[in-house]
Amino acid sequence: MVYQYLSLQSKSGYSMIYFGSYEGCAVKLFGGVGDFIYVESERGLLCVSVGGRLRVSTNEIYVCEEGSISLDQSMVVWSNSSSTLGEQRGFAVKTYFQNGESFVQTRRVFRRHFKIPRNQPLPSDNAIRTWVSNLEQTGSTSKIRGGSARTVRTPENIERVRQAIQKSPRRSALRHATRLAMSDRSVRRILHLDLHFHPYKIQMVQSLNPGDYQKRIRFCENMLGRLEENDHQINNLWMSDEAHFHLSGFVNKQNFRYWSDENPRLLHETPLHSQKVTTWCAISSNGIIGPFFFENEAENAITINSERYVSMILNFLTPQLANFPVNENTLFQQDGAASHTARISMNAVNALFPGRVISRNGDIRWPPRSPDLTACDFFLWGYLKSKVFEANSPRTIQTLKQRIRDEIESISINMLREVMQNFKFRLQECINNNGGHLANVVHKK
């Protein structure tokens, strides 16, 4: 005989696979991938979403993981496919009422009408009873899977959440949930699924004093003018700064988790005063000078004062500059730290770059509280820290220092030139924002 359906049973019920017309053939069932089971027969490779481990319904029960099954006349011939089953369900329910609600008589008529052999299974009492119940409750033999009615995500609660967020957009979802007497999960579902809100991260920037705005505008206009007069000036500018690299790195406690079936009672120890290195670098389109580590003979980080800064200028920066093109137009930038602007420090820097020092007391006045305008702050330090502590954080000061050296050497000239072009873009953005924070740079469109 010719059969078209194979019935597969899973934890969630029956799922049908259509093979086409054939007379008994070998079918191989392969292990599932996710909720999918792949079935191979003489007709080719087929796939169905069933979920869970399968059993093949024949006269015997088979637990199918891998192997082959020979299908013959013992296979199920009534199916759960949407088109065929609708007709079968409707006929079974009609026959049930026409024959005095008799399950036995219903199956007899069902077998004759659909020409099912006597050795083949028929709808059970429970199946017929379910179809009748569904028809009486929903008007259809198929149960409507609409889910339960919403009890929290109602139009009223959605509007309450909207008004609460508009009033206090910086308040956490958990605190909103507490004030609204709703669960945190419900509030978050309303925010994401109904209001389509997103929790944007607030960027941290340095606070500006009232007098800083005009100083920032004057500096940006001065620098843009110089860059426009000389197209090569952007490649003839050194920007310098220092930063601390802590050996312990940074642990985000919110994301620091240990998944287990029981609490392992783990503690993450961090020293009160973590070991660190104080690193100085100068960056330009032509390369990076550094790193220079401010440390004592025991390789412990030391505070930068004017004497140590001058020593670095004379004994490290000066010989390093010989490896780069430096001329009468080369500019050197440093921020307004006290160790940089002390008289002996300014004398040392002016001797190297006469009339071309960008600093608080320099030839070009560097605006205070402006890390967003220096390449070391808006690029180099963040980039290096993300790479140095990316994986397998260093455990010794020597390893930490070598990681910094290696990452600096890996920065390409093309990347440096893009960074310096970004500095030029930031100058214009600062002017456009009347000396304020660079919103279009911090929050990229």
Quiz item: Side chains of Ser133 and Thr130: do they bring a donor and an acceptor to under 3.5 Å?
Solution: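 Per modelled atom types, Ser133 and Thr130 side chains form no pair under 3.5 Å.
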
Quiz item: Does a side chain donor of either His340 or Glu242 reach within less than 3.5 Å of an acceptor in the other side chain?
Solution: yes

Quiz prompt | Check ion pair Arg129-Glu101 (N to O, under 4.0 angstrom) | solution =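 So Arg129 does not pair with Glu101 through a salt bridge.
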
Are side-chain heavy atoms of [X] and [Y] found at a separation under 4.5 Å?
X	Y	answer
Phe97	Thr106	no
Ile234	Gln421	yes
Arg153	Leu193	yes
Leu380	Met239	no
Ser285	Ile413	no
Tyr213	Leu208	yes
Asn300	Glu295	no
Arg162	Ile165	no

Rounded to the nearest 0.5 Å, how far does [atom2] of [Y] lie from [atom1] of [X]?
X	Y	atom1	atom2	answer
Glu159	Thr154	CD	OG1	11.0 Å
Asn432	Ile217	CG	CD1	10.0 Å
Ser359	Asp335	OG	CG	7.5 Å
Asn236	Ser284	CG	OG	8.5 Å
His196	Leu191	NE2	CG	11.5 Å
Gln334	Ser339	CD	OG	8.0 Å

Which atom pairs, donor and acceptor, lie under 3.5 Å between side-chain atoms of residues 404-411 and protein residues at least two apart or in another chain?
{"unit_1": "Arg405", "atom_1": "NH1", "unit_2": "Gln402", "atom_2": "OE1", "d": "3.3"}
{"unit_1": "Asp406", "atom_1": "OD1", "unit_2": "Gln402", "atom_2": "NE2", "d": "2.9"}
{"unit_1": "Ser410", "atom_1": "OG", "unit_2": "Glu407", "atom_2": "O", "d": "2.7"}

Quiz item: Would the number of heavy atoms belonging to other residues, nucleotides or ligands and lying under 6.0 Å from CG of Asn296 be above 12?
Solution: yes

Practice problem: Evaluate whether atom CZ of Arg171 has more than 12 neighbouring non-hydrogen atoms of other residues, nucleotides or ligands under 6.0 angstrom away. | Solution: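 Yes, the 6.0 Å shell around CZ holds more than 12 heavy atoms from other groups.
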
Of the non-hydrogen atoms in [X] and [Y], which two are nearest, and what is the gap between them?
X	Y	result
Ile397	Val277	CG2-CG1, 3.8 Å
Ser102	Gln105	OG-N, 3.2 Å
Trp131	Val93	CB-CG2, 3.8 Å
Lys276	Ala301	O-CB, 3.5 Å
Val419	Ala375	CG1-CB, 3.8 Å
Val388	Pro394	O-CD, 3.8 Å

Exercise. Give the intermediate values and the outcome of side chain to side chain contact (heavy atoms under 4.5 Å, CB included) for residues Ser240 and Trp280.
Key: CA-CA 7 Å; Ser240 66; Trp280 178 94; 3.7 Å; yes

Self-check item: Test log, rule ring pair (Phe, Tyr, Trp, His ring centres under 6.0 Å), inputs Trp366 and Phe219
Solution: CA-CA 7 Å; Trp366 176 256; Phe219 168 77; 5.0 Å; yes

Practice problem: Name all residues meeting the side-chain hydrogen bond (donor to acceptor under 3.5 Å, both in side chains) criterion together with Arg218; count only those two or more places apart in sequence or in a different chain, and write none if there are none. | Solution: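 Applying side-chain hydrogen bond (donor to acceptor under 3.5 Å, both in side chains) to Arg218 gives none.
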
Exercise. Identify which one of Arg216, Arg426, His437 satisfies the side-chain hydrogen bond (donor to acceptor under 3.5 Å, both in side chains) criterion when paired with Asp372.
Key: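 Going through the options one by one, the only one that passes is Arg216.
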
Exercise. Scan residues 414-423 for pairs that pass salt bridge (Lys or Arg N to Asp or Glu O under 4.0 Å), counting only residues two or more places apart or in two chains.
Key: none

Counterpart residues, ring pair (Phe, Tyr, Trp, His ring centres under 6.0 Å), relative to [X] (two or more places apart):
X	result
Phe293	none
Phe197	none
Trp381	none

Return yes if some donor-acceptor pair links the side-chain N/O of [X] with the main-chain N/O of [Y] below 3.5 Å, else return no.
X	Y	answer
Arg360	Ala337	no
His244	Thr279	no
Ser186	Met182	no
Asn230	His232	yes
Thr374	Asp377	no

Practice problem: Let me see the working for Glu299 and Gln398 under side chain to side chain donor-acceptor pair (under 3.5 Å), right down to the final yes or no. | Solution: CA-CA 9 Å; Glu299 297 189 8; Gln398 291 74 21; 2.9 Å; yes

Quiz item: side chain to side chain contact (heavy atoms under 4.5 Å, CB included) between Ile431 and Gln428: does it pass, once the steps are laid out?
Solution: CA-CA 5 Å; Ile431 295 173; Gln428 186 61 57; 4.2 Å; yes

Quiz prompt | Check against side chain to side chain contact (heavy atoms under 4.5 Å, CB included), Leu438 and Leu373 | solution = CA-CA 9 Å; Leu438 313 182; Leu373 296 178; 4.3 Å; yes

Quiz item: Can you check whether Phe423 and Phe379 have ring centres sitting under 6.0 Å from each other?
Solution: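 Here the rings of Phe379 and Phe423 have centres that are no less than 6.0 Å from each other.
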
Practice problem: Please step through side chain to side chain donor-acceptor pair (under 3.5 Å) for the pair Asn222 and Arg226, ending with a clear verdict. | Solution: CA-CA 6 Å; Asn222 186 345; Arg226 291 172 178 266; 3.1 Å; yes

Quiz item: Within 45° of the axis and under 6.0 Å from the centre of the six-membered ring of Phe245, does NZ or CZ of Lys385 qualify?
Solution: yes

Quiz prompt | Candidate pair Trp238 and Leu331, rule side chain to side chain contact (heavy atoms under 4.5 Å, CB included), full reasoning | solution = CA-CA 6 Å; Trp238 288 95; Leu331 299 176; over 6 Å; no

Quiz item: Going by the angle between their ring planes, with limits at 30° and 60°, are Phe110 and Phe114 parallel, tilted or perpendicular?
Solution: tilted

